[in-house]
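Let me begin by presenting the structure, written as structure tokens, before commenting on it.
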Amino acid sequence: MQIISNRVRVSSNSSAPIREFIFQSRYAERRHEPGICDFTLGNPHEMPLPGIVDAIQRHAVPHDKDWFAYKTSEPEPQAFLAECLTEELSLPFEPADIALTNGGFAAIAVALRLLLDVGDEAIFPVPAWFNYEAMLLAADSVPKKVNLQGARFDLDLSAIEEAITSRTRLVIINSPHNPTGRIYGRSELERLARMLDRASERIGHRILILSDEPYRRIRFDNHEFTSPAKIYPWTLIAYSYGKVLLAPGQRLGYLAVSPLMPREERQALQQNFFSAQKNLGWCFPNAVMQYALPDLEKLSIDMTALASKRRLMTETLGGAGYEVLRPEGTFYMFCKYPNGDAQQFLDALADHDVFVLPGRIVDAPDHFRISLTASADMVARSLPIFADVAGTMRKKHQPAA
Ligand SMILES: Cc1ncc(COP(=O)(O)O)c(C=O)c1O
């Protein structure tokens, strides 16, 4: 008997590479050992920001009998976020534009549920975060991957345009981008918007953008950020506090409609947030996280420490022969193996207790991703190892004289 639904089987196949990496790999065997240098996932490797602990403790104390009653998108955090977003993105958000969710995953799942019918197509550029495909399959829709272009992984507008069919409903744009660290500029987004206007006209219905921007606040060198929501009215924003707070286990995020969206569709989305969230399994944040939101909004991971890890790693790896794309945002660094076979390289690193995210998991088998959320000590211990492994690989693959 086939007990598992087709939907789950298909999306589960798509999740196999990341699932095996987390649960069945050499990394899986070692991941909780204290001595390893863990550059794999965007997880904390140092104690949490004290402000998070204070906020959660303070708001865990009930003020009234309803403190832990069912919570939807509560009016206070909605109004608070509307003000913050209006200021941050210079767009006039209304409280009703914002659906509070238990993290970015839920914001994305709710957006897919709201926008996509069975068989609708959604385009996203790769390499990409390793969950879009599986989430789209789980939403009974059809993922369409298009390549980012060149060594800097720019958006390839012609490739996106070519992938558009009469079933296309959505394009997912992730900036700052996981895994490359790129931030797409305003003019690139304007060209994308013009192309989507033309394509929507041609296919006879509007293509929407889901702007997945959980790394929006994590930017280096005062790099500018433009949300597609400001350029293309038919945009929804997915956000998570898991990144900026580096506390992804304390689930908090939101889905927001661009205030530029025409009134009729904007209201339709506002009015359907509640049902979509409830029917997907109560995708609202816990009560305490909602009360704590205004305090959490003020906090951020230490950007100076992150920038210093970025500098050390780009200098050392670049000097050792890796091709390193200096990230503009996110806490990831995308690197190309200096030479040789990816698996040999990963094994050599693992032999020295250093673990990175293999590029095959994000559709880029000749690359690997480093998460700069590793501790400063892990960074220091790993630098000579990255250099040695590159040297050993070079010797191994040098043609005999
Ligand atoms: C691009 C992107 N979107 C969404 C998410 C989901 O974030 P969260 O786990 O905080 O919901 C992640 C997490 O890694 C991500 O990298």
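Atoms within a ligand are numbered from 1 in the order they appear, just like the ligands themselves.
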Would you mind listing which atoms of ligand 1 come within a distance below 4.0 Å of any non-hydrogen atom of D212? 1 (C), 2 (C), 3 (N), 4 (C)
Under 4.0 Å from ligand 1, counting heavy atoms only, is it the side chain of P214, its backbone, both or neither? side chain
About how many Å separate CD1 of I301 and CZ of R217, when rounded to the nearest 0.5 Å? 11.5 Å
Numbered atoms of ligand 1 (with element) below 4.0 Å of N174, judged on heavy atoms: 1 (C)
Protein heavy atom at shortest distance from atom 14 (O) of ligand 1: K243 NZ, 2.6 Å
Tell me the protein heavy atom at minimum distance from atom 5 (C) of ligand 1, and give that distance in Å. W129 CZ2, 3.4 Å
Indicate, with yes or no, if the rings of F105 and W129 have centres closer together than 6.0 Å. yes
Ligand 1 and G104, any nitrogen or oxygen pair closer than 3.5 angstrom? yes
Chi angles and distances behind the salt bridge (charged side-chain N to carboxylate O under 4.0 Å, His left out) call for E88, R216: CA-CA 10 Å; E88 188 181 349; R216 193 173 69 216; 2.9 Å; yes
Is ligand 1 under 4.0 Å from a heavy atom in the side chain of Y241, in the backbone, in both, or in neither? neither
Using a strict 4.0 Å cut-off to heavy atoms of G103, name the atoms of ligand 1 that fall inside it. 11 (O)
Verify the ring-centre separation between H367 and F153: is it less than 6.0 angstrom? yes
Heavy atom of G253 under 4.0 Å from ligand 1? no
Using a heavy-atom cut-off of under 4.0 Å, does the side chain or the backbone of F105 touch ligand 1, or both, or neither? both
What's the verdict on side chain to side chain contact (heavy atoms under 4.5 Å, CB included) for E94 and Q270, showing C-alpha distance, side-chain angles and the deciding distance? CA-CA 10 Å; E94 292 169 358; Q270 293 175 350; 3.2 Å; yes
Side chain to side chain contact (heavy atoms under 4.5 Å, CB included) evaluation trace for V354 with F39: CA-CA 8 Å; V354 174; F39 294 96; 4.1 Å; yes
Single hit among F386, F368, Y322 for ring pair (Phe, Tyr, Trp, His ring centres under 6.0 Å) with Y337: F368
Ligand 1 atoms nearer than 4.0 angstrom to some heavy atom of Y132 are 1 (C)
Tell me whether ligand 1 is touched by R251 - counting only heavy atoms on the residue side and a distance under 4.0 Å. yes
Under 30°, 30 to 60°, or over 60°: which ring-plane class applies to Y332 and Y215, parallel, tilted or perpendicular? perpendicular
Is the positively charged end of R30 above the ring of F355, judged by distance under 6.0 angstrom from the centroid and angle within 45° of the axis? no
Minimum non-hydrogen distance to atom 10 (O) of ligand 1, winning option of A247, S240, P176, G242: S240
